[in-house]
2 protein chains.
Amino acid sequence: MAVSSRTAVAVHALTFLAQWEREGLQSSAKIAESLESNPVLVRRVLGLLRDNGLVYPVEGSGGGWQLAMPAEQITLHDAYVAVEPGATVLPVHTHPPNQSCVIGRHMPPLLEAEFAAAQRAMEDRLTQTSIADLLRSVIRREGATPAPH
Amino acid sequence: MAVSSRTAVAVHALTFLAQWEREGLQSSAKIAESLESNPVLVRRVLGLLRDNGLVYPVEGSGGGWQLAMPAEQITLHDAYVAVEPGATVLPVHTHPPNQSCVIGRHMPPLLEAEFAAAQRAMEDRLTQTSIADLLRSVIRREGATPAPH
DNA sequence: CTTACTGTAACTATAAAAGTTGCAGTTGCG
DNA sequence: CGCAACTGCAACTTTTATAGTTACAGTAAG
């Protein structure tokens, strides 16, 4: 199952916005520069975050993006859910199995339940870290091994 | 995110083998019939399970597959690890971000740690259910709503 | 009215998975 | 021996998702 790297992009962008929050709006181009990526790609992800109320954009010249709530209140799970709506980490059968076989008749719902429980465990773990936590970790690491000048 | 439906096929096949254990070897064709799938596809998955010591094959006429250990000792996690080696449920950046940005410098390792922890939580949940558990559930369900004759 | 943004559609390229065909190797049995 | 029933595996096609790009319309500041 597969999940894309959109969650990584989303979390990166959110942390970037948290870091430069006092400096005002940040453009998708700036964020793309930090990601070594494309502004359109970034806007696609930011658009999903916007639809979920995590960030909000300002259009027009001098516009850009900012967090829609304190970084303390945004978890990795919020980002994940926004950019991977309805994702199934462990897909079940691609097509229904043979109904004349005992296993075939009963396996799909049982597997769905097991896989959903596993995915819930993963998502629970993602709720335990906020963007603010991540930003603090970034700053702690930067203090330990600063950039070469 | 992405993981294939191979885990579903693997678990289905293992449960099938557990169900017909007393009847002796089961061919990939029989298992494929239960999955409404292709024997080659099934053999591909069974080959991975074999490489991980979960099942073993007998070649030649009258050959087939059987569990290599009691169904009680095989967990969904064993199946998952066998058929999705090195899977990363939540991929990080596809390419390294900008090293001249604080976020870019420190995000990848932090994200890897977070995502790995989340994946570990998922995998932990998978260890909690065995093939024997699943087979019991199948039989319980069959008792409740038997196949139409 | 120009410049700097967001918003979005439409496209290409790439990679992974699902599914199929074909065939070589092995073994039981008549 | 020779056929039939298996596994093992390479090679291929099809399908789908993602990453990335190009192009352009809409909006707002100065």
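Chain letters run A, B, ... following the sequence lines, proteins first, then strands; residues in each count from 1.
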Query raised in the report: Do any N or O atoms from the side chain of A:T75 and from the backbone of A:H77 form a donor-acceptor pair under 3.5 angstrom?
Result: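 Looks like yes, one N/O pair under 3.5 Å.
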Query raised in the report: Starting at the 5' end of DNA chain D, which residue's closest nucleotide do you reach first, A:S37 or B:G47?
Result: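 The 5'-side residue here is B:G47.
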What is the distance, rounded to the nearest whole Å, between atom [atom1] of [X] and atom [atom2] of [N]?
{"X": "A:L25", "N": "C:dT6", "atom1": "CG", "atom2": "C1'", "answer": "12 Å"}
{"X": "B:L48", "N": "D:dG8", "atom1": "CG", "atom2": "C1'", "answer": "12 Å"}
{"X": "B:L46", "N": "D:dC9", "atom1": "CG", "atom2": "C1'", "answer": "14 Å"}
{"X": "B:L41", "N": "C:dG22", "atom1": "CG", "atom2": "P", "answer": "17 Å"}
{"X": "A:Y56", "N": "C:dC5", "atom1": "OH", "atom2": "P", "answer": "17 Å"}
{"X": "A:L17", "N": "C:dT6", "atom1": "CG", "atom2": "P", "answer": "11 Å"}
{"X": "A:R6", "N": "D:dT18", "atom1": "CZ", "atom2": "C1'", "answer": "8 Å"}
{"X": "B:Q26", "N": "D:dC6", "atom1": "CD", "atom2": "P", "answer": "10 Å"}

For [X], which contact category applies under a 4.0 Å heavy-atom criterion: base, sugar-phosphate, or nothing?
{"X": "A:V40", "value": "base"}
{"X": "A:H95", "value": "sugar-phosphate"}
{"X": "B:G64", "value": "sugar-phosphate"}
{"X": "B:R44", "value": "base"}

Report task. Looking only at non-hydrogen atoms, find the nearest pair between B:I131 and B:A18 and report the distance. Result ->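 Reported closest heavy-atom pair: CG2-CB, 4.0 Å.
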Report task. Please name the pair of heavy atoms, one in A:N38 and one in A:A32, separated by the smallest distance, quoted to 0.1 Å. Result ->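 Looking at all heavy atoms of both residues, the shortest contact is C-CB, 3.7 Å.
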Query raised in the report: Pick from B:R125, B:R120, B:Q119: which one makes a side chain to side chain donor-acceptor pair (under 3.5 Å) with B:E123?
Result: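 Of the listed options, the one satisfying the test is B:Q119.
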**Report entry** Along DNA chain C (nearest heavy atom to each residue), the more 5'-positioned of A:R43 and A:G62
**Finding:**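 Closer to the 5' end of DNA chain C: A:G62.
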Between [X] and [N], is there a contact of a side-chain N or O with OP1 or OP2 at under 4.0 Å?
{"X": "B:S61", "N": "C:dC29", "result": "no"}
{"X": "B:N38", "N": "C:dT20", "result": "yes"}
{"X": "B:S5", "N": "C:dA18", "result": "yes"}
{"X": "B:T94", "N": "C:dT14", "result": "no"}

Query - Cationic N near anionic O, under 4.0 Å, A:E23 to A:K30 - result: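 Looking at A:E23 and A:K30, the cut-off is not met.
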